[in-house]
Undergrad: 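Sharing a structure below in structure tokens format, with a few things to ask.
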Amino acid sequence: RTATHSLLYDTGPSYGNGSSAGERVIVPLLRALGTAPDAVVISHKDADHSGGAAAVLAAFDKAQVYTSMQRAADWPSNTLVERCLAGRAWVWDGVRFEFLHLETEDYARNYSTNAMSCVLRVSNGRHSILLVGDIPQQQELELLDRVPPTQLRSSILLAPHHGSKTSSSAEFLQAVAPAQI
């Protein structure tokens, strides 16, 4: 949250039988906090990241959605959906939000859903967080080649792909140089 805006990054898993973390956890929590997200980033299509989207978007139907996936059939028809594209940025209350991954041509490639994760850096000029979804090592290396080091360096890194062995390469961690993972 910034002073007057909020963003939700990923909507949690689906549990089957129409139940999801969006319905059971995220929506009740945001309502209890009195927060309606202005934007929702659904990093990629995997159900552990997008499974709660329908419930979240139904509850907060004015939120702008950024994602690498196609609009799902169970999303409200009035949902505003834009692709995550490197360089797309905005500032809320002095806090900068910028997508570092994906490139337009990535959408035409036969990448895995993990490789299609939206990478978002949030910075207030003093501290920053890098949200990377499930990007594998290949996309980490592409970011290292494409993004200036000052744009990657972040105070906090959400561990790529939950810290799996297919992500979090030594080169990437060294470039981001997070104080916390």
Side-chain angles (χ1 to χ4, degrees), residues 1-2 4-86 88-90 92-93 95-102 106-107 111-123 128-136 139-140 143 154 156-164 166-168 180-181:
R1 292 195 289 187
T2 68
T4 61
H5 295 280
S6 67
L7 178 138
L8 174 66
Y9 186 89
D10 282 341
T11 61
S14 57
Y15 300 131
N17 300 325
S19 180
S20 71
E23 173 190 9
R24 294 172 60 186
V25 178
I26 296 171
V27 170
L29 174 64
L30 292 176
R31 285 187 174 147
L33 293 172
T35 299
D38 299 286
V40 175
V41 176
I42 303 167
S43 64
H44 63 293
K45 190 175 179 177
D46 288 353
D48 59 330
H49 294 261
S50 66
V56 168
L57 299 177
F60 305 108
D61 62 352
K62 293 185 179 18
Q64 171 67 57
V65 176
Y66 297 98
T67 187
S68 63
M69 60 186 281
Q70 296 292 322
R71 173 194 299 270
D74 60 353
W75 294 1
S77 60
N78 63 333
T79 302
L80 303 171
V81 180
E82 290 189 41
R83 285 181 167 177
C84 299
L85 288 171
R88 178 170 279 157
W90 64 96
W92 286 337
D93 306 315
V95 178
R96 181 174 172 79
F97 297 78
E98 182 176 7
F99 288 108
L100 303 181
H101 180 68
L102 297 145
D106 292 337
Y107 286 90
Y111 277 158
S112 69
T113 56
N114 287 343
M116 293 298 292
S117 291
C118 300
V119 174
L120 180 67
R121 185 172 187 267
V122 181
S123 175
S128 57
I129 184 167
L130 188 61
L131 305 168
V132 296
D134 284 348
I135 60 168
Q139 279 61 49
E140 291 177 354
L143 279 171
S154 296
I156 300 170
L157 171 66
L158 179 65
H161 202 187
H162 319 279
S164 78
T166 63
S167 299
S168 306
Q180 293 184 325
I181 299 176

Undergrad: Does any part of the side chain of Val41, heavy atoms only, come nearer than 4.5 Å to the side chain of Leu131, both counted from C-beta?
TA: no
Undergrad: Work out which heavy atom in Leu158 is nearest to a heavy atom in Val132; give both atom names and the distance.
TA: O-CG2, 3.1 Å
Undergrad: Hey, could you give me the CG/NZ distance between Asn78 and Lys62, rounded to the nearest 0.5 Å?
TA: 7.5 Å
Undergrad: Donor-acceptor pair, Thr11 side chain versus Ala53 backbone, under 3.5 Å?
TA: yes
Undergrad: Working to the nearest 0.5 Å, report the span between OG of Ser77 and CG of Leu57.
TA: 11.5 Å
Undergrad: Short question: side chain of Ser50, backbone of Ser43 - any donor-acceptor pair under 3.5 Å?
TA: no
Undergrad: Quick one: closest heavy-atom pair of Ala63 and Pro37, and the distance?
TA: CB-O, 3.4 Å
Undergrad: To check you understand the geometry: which heavy-atom pair defines the closest contact between His44 and Ser68, and what is its length?
TA: CA-OG, 3.6 Å
Undergrad: Give a yes or no answer on whether the side chain of Asp93 reaches the backbone of Thr4 with a donor-acceptor pair at less than 3.5 Å.
TA: yes
Undergrad: Looking only at heavy atoms, what is the nearest atom pair of Ser128 and Ser123, with distance?
TA: CB-CB, 3.8 Å
Undergrad: Less than 6.0 angstrom from the centroid, inside 45 degrees of the normal: does Arg88 satisfy that with respect to the ring of Tyr66?
TA: no
Undergrad: Nearest 0.5 Å, please: how far is CG in Leu130 from CG in Leu143?
TA: 8.0 Å
Undergrad: Give a yes or no on whether the backbone of Asp134 and the side-chain of Ser117 come within a donor-acceptor separation of less than 3.5 Å.
TA: yes
Undergrad: Would you check if the side chain of Tyr15 reaches a backbone N or O of Gly51 as a donor-acceptor pair within less than 3.5 Å?
TA: no
Undergrad: Any heavy-atom pair between the side chains of Phe60 and Val40 that's under 4.5 Å?
TA: no
Undergrad: In a check of side-chain contact (heavy atoms from CB on, under 4.5 Å) between Leu7 and each of Leu120, Val95, Val122, Thr2, which one passes?
TA: Leu120
Undergrad: Quick check against the 3.5 Å criterion: does Ser20 have a side-chain atom that pairs as donor or acceptor with the backbone of Glu23?
TA: yes
Undergrad: Which heavy atom of Tyr9 sits nearest a heavy atom of Gly133, and at what distance?
TA: OH-N, 3.0 Å
Undergrad: Drop me the distance from Ile26's CD1 to Leu30's CG, to the nearest 0.5 angstrom.
TA: 7.0 Å
Undergrad: To the closest 0.5 Å, what do you measure between CG (Leu100) and CG (Leu85)?
TA: 12.0 Å
Undergrad: Quick one: which of Asp46, Thr67, Leu102 gives a side-chain contact (heavy atoms from CB on, under 4.5 Å) with Met116?
TA: Leu102
Undergrad: If we ignore hydrogens and angles and just use 3.5 Å, is the side chain of Asp38 paired with the main-chain N or O of Ser6 as donor and acceptor?
TA: yes
Undergrad: Report yes if the side chains of Cys84 and Tyr107 come closer than 4.5 Å at any heavy-atom pair, otherwise no.
TA: yes
Undergrad: May I have all residue pairs that pass salt bridge (Lys or Arg N to Asp or Glu O under 4.0 Å) and include part of residues 64-80, sequence neighbours excluded?
TA: none
Undergrad: At what distance, to the nearest 0.5 angstrom, does CD of Gln70 lie from CZ of Arg83?
TA: 7.0 Å
Undergrad: Apply the test side chain to side chain contact (heavy atoms under 4.5 Å, CB included) to residues His49 and Thr113: give CA-CA distance (whole Å), side-chain angles for both, the deciding distance (0.1 Å), then the verdict.
TA: CA-CA 11 Å; His49 294 261; Thr113 56; over 6 Å; no
Undergrad: Using 30° and 60° as the class boundaries, would you call the ring planes of Phe97 and Trp90 parallel, tilted or perpendicular?
TA: parallel
Undergrad: With a 4.5 Å limit on heavy-atom distance, are the side chains of Asp106 and His101 in contact?
TA: yes
